[in-house]
Trainee: 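This structure is in structure tokens; I'll ask about it shortly.
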Amino acid sequence: MLLTVWHFLFYSFLSILILFFSGLGLTMLFSPPKLRKYVLFLSPVVGFCYSTLIGWYCYNLGLHGTDSYALFILIPPVFFLALGIKKHSKQTPEHGKILNRNLIAPLIVGLITFLVISIPLFKHTDGLTSISIGNNDLAHYGTT
């Protein structure tokens with residue numbers, strides 16, 4: 001069971017990194033100046049929106065599946081990130097910061113919340129599933 005917990009945390013971390021990478025460039029390019037200090041928090045959400053939109057278009061085009069176009073989905077974020085870094089480096093130092101020390105506490109609270117919400121997965125299953133505190137529909141439908 002301990003190995004399953006580590007697998008869950010490892011794959012969760014990798015998923016967040018992919019979403020973070022997918023959205024960081026777009027967030028740096030298009031976030032307004034007042035939201036610039038929240039780039040690290042907004043980029044996974046923007047990455048999720050980007051991945052969902054591009055994945056939906058690829059699905060509607062009838063491509064063969066995620067394995068065939070996953071690499072191509074991750075190529076545009078590289079260009080967005082390069083443009084975002086170029087734009088970010090031209091700004092003044094007080095507006096150009098991505099990591100703000102005042103935002104470390106909310107990040108730690110978010111990580112602790114993630115672990116607390118994941119407790120039902122750690123306690124009640126032998127494998128990875130979509131169980132959460134208030135929703136186990138997919139696991140229920142799968143067993144039916």
Side-chain angles (χ1 to χ4, degrees), residues 1-91 95-143:
M1 178 161 156
L2 184 62
L3 190 61
T4 303
V5 170
W6 288 112
H7 282 146
F8 171 77
L9 293 175
F10 176 72
Y11 287 118
S12 298
F13 181 71
L14 284 181
S15 299
I16 290 169
L17 281 180
I18 289 172
L19 294 177
F20 178 77
F21 166 74
S22 297
L24 183 60
L26 286 170
T27 308
M28 288 172 72
L29 283 173
F30 298 114
S31 62
K34 292 194 178 208
L35 293 178
R36 196 69 39 100
K37 65 180 179 180
Y38 300 112
V39 166
L40 293 178
F41 294 104
L42 294 174
S43 59
V45 176
V46 172
F48 177 76
C49 294
Y50 166 78
S51 301
T52 303
L53 181 67
I54 297 299
W56 182 75
Y57 281 124
C58 291
Y59 172 76
N60 281 336
L61 289 173
L63 299 177
H64 297 291
T66 310
D67 294 346
S68 64
Y69 56 80
L71 180 64
F72 299 110
I73 287 177
L74 295 177
I75 291 174
V78 172
F79 295 112
F80 296 142
L81 187 58
L83 289 172
I85 289 172
K86 185 178 178 182
K87 178 184 173 186
H88 220 64
S89 65
K90 291 180 180 179
Q91 295 175 347
H95 294 290
K97 281 187 173 179
I98 291 180
L99 183 60
N100 189 347
R101 290 181 186 220
N102 297 333
L103 299 176
I104 292 176
L107 180 64
I108 292 171
V109 169
L111 290 172
I112 291 170
T113 304
F114 171 74
L115 292 174
V116 168
I117 288 174
S118 300
I119 287 174
L121 175 77
F122 300 153
K123 285 189 167 190
H124 300 294
T125 63
D126 292 331
L128 299 178
T129 183
S130 61
I131 292 177
S132 65
I133 289 176
N135 181 11
N136 61 354
D137 292 341
L138 293 177
H140 175 70
Y141 296 148
T143 59

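Note that these values count all heavy atoms, side chains included, but never hydrogens, waters or copies made by symmetry.
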Trainee: Holding to side-chain contact (heavy atoms from CB on, under 4.5 Å), I want the full list of residues that pass it with L61, two or more places apart in sequence or in another chain.
Mentor: L63

Trainee: Under the rule for side-chain contact (heavy atoms from CB on, under 4.5 Å), what residues qualify as partners of P106, not counting sequence neighbours?
Mentor: F41

Trainee: At what distance, to the nearest 0.5 angstrom, does CG of L24 lie from CG of L19?
Mentor: 12.0 Å

Trainee: What are the two closest non-hydrogen atoms of L81 and M28, and how far apart are they?
Mentor: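 In this case the closest contact between L81 and M28 is CD1-SD, 4.2 Å.
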
Trainee: Could you list the donor-acceptor pairs under 3.5 angstrom formed between side-chain atoms of residues 49-56 and any protein atom two or more places apart in sequence or on another chain?
Mentor:
from	atom 1	to	atom 2	distance (Å)
Y50	OH	I73	O	2.7
S51	OG	G47	O	2.9
T52	OG1	F48	O	2.8

Trainee: Test: side chain to side chain donor-acceptor pair (under 3.5 Å). Region: residues 17-35. Which pairs qualify, not counting sequence neighbours?
Mentor: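 Every pair satisfying side chain to side chain donor-acceptor pair (under 3.5 Å) with a residue in residues 17-35: S31-R36.
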
Trainee: As a quick check of understanding, evaluate side-chain contact (heavy atoms from CB on, under 4.5 Å) for Y11 and L14, giving each step before the final call.
Mentor: CA-CA 5 Å; Y11 287 118; L14 284 181; 4.3 Å; yes

Trainee: Can you confirm whether F114 is buried at CZ, in the sense that more than 12 heavy atoms of other residues, nucleotides or ligands lie under 6.0 Å from that atom?
Mentor: yes

Trainee: Taking side-chain contact (heavy atoms from CB on, under 4.5 Å) as the test, write out the residues that go with I112, two or more places apart.
Mentor: I108, V116

Trainee: Give me the atom names and distance for the closest heavy-atom approach of K87 to L29.
Mentor: NZ-O, 2.6 Å

Trainee: Can you tell if the side chain of L74 reaches within under 4.5 Å of the side chain of V78, non-hydrogen atoms only?
Mentor: no

Trainee: Tell me, please, which residues at least two apart from Y59 pass side-chain contact (heavy atoms from CB on, under 4.5 Å).
Mentor: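 Counting only residues at least two positions away or on another chain, Y59 forms no side-chain contact (heavy atoms from CB on, under 4.5 Å).
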
Trainee: Atom CZ of F10 and atom OG of S15: how far apart are they, to the nearest 0.5 Å?
Mentor: 10.0 Å

Trainee: Applying side-chain contact (heavy atoms from CB on, under 4.5 Å), run through F72 and C58 and close with a yes or a no.
Mentor: CA-CA 10 Å; F72 299 110; C58 291; over 6 Å; no

